[in-house]
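What you see below is based on every heavy atom in this structure, not just the backbone, and it leaves out hydrogens, waters and symmetry mates. Convention: sequence-line order gives letters A, B, ...; per-chain numbering from 1.
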2 protein chains.
Amino acid sequence: MQPHLTPTARVVLGMLAHGRRTGYDIKRAVETSTRFFWGASFGQIYPELERLRSSGLVELAADDEGAVSRRAHRLTPAGQLALHCWLVDDVEPHFQYRDEAMLRLFFGDLMTPDEVITHVRRTRALLEADAERVRTEILPRAREGSRAGRPLTLETARFGLELTEWMAAWYAGLERRLLDPESELPY
Amino acid sequence: MQPHLTPTARVVLGMLAHGRRTGYDIKRAVETSTRFFWGASFGQIYPELERLRSSGLVELAADDEGAVSRRAHRLTPAGQLALHCWLVDDVEPHFQYRDEAMLRLFFGDLMTPDEVITHVRRTRALLEADAERVRTEILPRAREGSRAGRPLTLETARFGLELTEWMAAWYAGLERRLLDPESELPY
DNA sequence: GTGTGCATGTAAGGAGTTACATGATTGC
DNA sequence: GCAATCATGTAACTCCTTACATGCACAC
């Protein structure tokens with residue numbers, strides 16, 4: 001029976017499986033890879049590393065990189081086991097989608113048509129900016145990972161990009177439906 | 001200058017704009033409409049209604065429905081104004097997507113190919129079940145709303161359905177790529 | 001010498017879930 | 001009589017974000 005891993009522990013252990021890392025390194029790795037579907041802040045990462053150390057899932061690694069006050073961590077065998085157990089666990093995985101722009105659209109019938117169109121255009125522009133950020137900040141690193149023997153990290157990056165593009169395209173379609181005077185909405 | 005609306009206040013005020021409601025009614029409305037992109041639990045709704053009452057954005061409505069101990073609320077003019085200000089506000093809307101299945105896939109290169117395929121099939125099945133629930137529990141109500149003069153509620157329901165179907169299809173595509181021995185992953 | 005990046009942490013607060021406790025009404 | 005649904009609320013807990021505080025190293 002494995003001890004329960006907190007949400008942050010999952011991404012921390014996973015990142016350490018890719019090699020020894022400091023808390024700062026883990027944060028950087030999250031920002032350039034899983035950010036889109038799983039974030040983590042310093043305020044979570046550092047306390048979590050300490051908890052994992054005290055429960056024996058990670059340990060301090062000898063600091064071989066010159067710089068002082070680097071506290072690099074690595075997985076212990078117990079940590080590797082806990083990570084693998086989580087990966088193949090069959091409890092329903094956590095899923096959360098929370099989207100204020102969509103909530104506003106839901107109440108959009110309380111706005112004027114012009115206000116709705118403005119909202120739709122603005123949301124689409126934000127999504128396209130997001131997509132561009134995935135393209136420049138995440139995809140290139142994922143391609144490296146793929147070449148380095150981790151093809152699935154590229155798949156998840158592509159998912160993030162394609163999902164964002166799909167949403168932007170959905171808003172473009174909505175704008176067309178809203179502007180088309182022919183559109184008898186099909187019930 | 002408008003007072004800041006908490007996240008839960010936004011959906012509560014919006015639901016009250018559609019008519020007088022008890023906390024219980026609001027919860028039911030959320031479950032059958034916005035649940036997919038904006039949830040709310042009793043533990044949030046009841047305290048929020050009291051806060052909104054004490055700040056004058058909602059008020060108790062005369063109980064015309066026989067049953068005792070129903071505390072139906074309605075918007076005050078100040079509440080209508082606050083709601084409209086939020087709807088047309090131009091601060092960046094809250095967006096959160098958190099997906100444990102995708103995080104596992106990101107670390108999937110630590111699993112065996114069989115374990116990855118199992119995970120992919122299971123996640124796809126869960127998404128298809130979600131889509132079915134949107135079809136049976138949310139879409140029919142949204143069609144009613146559309147006929148009742150709220151076409152955008154139907155648009156958002158369709159978004160929820162189509163997004164879920166798109167994700168399920170993405171997993172189907174991934175499974176094909178993983179099983180195809182020809183697949184030289186394009187970097 | 002100064003700004004940028006590397007690096008580690010803490011404290012306070014906001015948001016949300018879950019479990020619990022209670023009771024009325026309605027249909028079978 | 002009993003189960004399901006309607007109905008209101010509280011308490012404890014988890015999770016996460018933000019802001020703050022500190023200091024080193026290195027390049028320009």
Task: Length of the line joining A:Arg98:CZ and C:dT17:P, which is rounded to integer Å - done: 7 Å
- [ ] Please report, rounded to the nearest Å, how far the C1' atom of D:dG9 is from the CD1 atom of B:Ile26.
- [x] 14 Å
- [ ] Would you mind reading off the distance between A:His73 atom NE2 and C:dG9 atom C1', rounded to a whole angstrom?
- [x] 12 Å
Task: Rounded distance (Å) that lies between atom P of C:dA19 and atom OH of B:Tyr46 - done: 18 Å
- [ ] Please state how far atom OH in B:Tyr24 lies from atom C1' in C:dT25, giving the value in whole angstrom units.
- [x] 12 Å
Open item on the list: The side chain of A:His4 is closest to which nucleotide in this list: D:dT10, D:dC16, D:dC15?
Closed with: D:dC15
TODO: Answer yes or no: does a side-chain N or O of B:Thr6 lie under 4.0 Å from OP1 or OP2 of C:dA15?
DONE: no
Task: Contact nearer the 5' end of DNA chain D, comparing B:Arg28 with A:Gly43 - done: B:Arg28
Open item on the list: Under 4.0 Å, heavy atoms only, any strand: does A:Ser41 hit a base, just the sugar-phosphate, or nothing?
Closed with: base
TODO: Could you state the atom-to-atom distance from CD of B:Gln44 to C1' of C:dT17 in whole Å?
DONE: 8 Å
Open item on the list: Just the rounded figure in Å: distance from C1' of C:dA15 to CH2 of B:Trp38.
Closed with: 10 Å
- [ ] Specify the residue among A:Leu5 and A:Phe42 whose closest nucleotide of DNA chain D lies further upstream toward the 5′ end.
- [x] A:Leu5
Open item on the list: Please tell me whether B:His73 and B:Arg53 have a donor and an acceptor in their side chains that are separated by less than 3.5 angstrom.
Closed with: yes
Task: Charged N-O contact under 4.0 Å between B:Glu144 and B:Arg147 - done: no
- [ ] For the pair B:Arg135 and B:Glu132, find out whether any cationic side-chain nitrogen is under 4.0 Å from an anionic carboxylate oxygen.
- [x] yes
- [ ] Look at the side-chain N and O atoms of A:Thr8 and state whether any lies under 4.0 Å from the OP1 or OP2 oxygen of D:dC16.
- [x] yes
Task: Exam field: side chain B:Lys27 to backbone B:Ser41, donor-acceptor pair closer than 3.5 Å - done: no
TODO: Would you kindly say whether B:Glu100 and A:Trp86 are connected by a side-chain donor-acceptor distance under 3.5 Å?
DONE: yes
- [ ] Would you mind telling me which of D:dC16, D:dG9, C:dT8 lies closest to the side-chain atoms of A:Arg71?
- [x] C:dT8
Task: Closest nucleotide among C:dG16, D:dA7, D:dT10 to the B:Thr22 side chain - done: D:dA7
Open item on the list: Please report the distance, rounded to the nearest Å, between CD in A:Gln96 and P in D:dT14.
Closed with: 18 Å
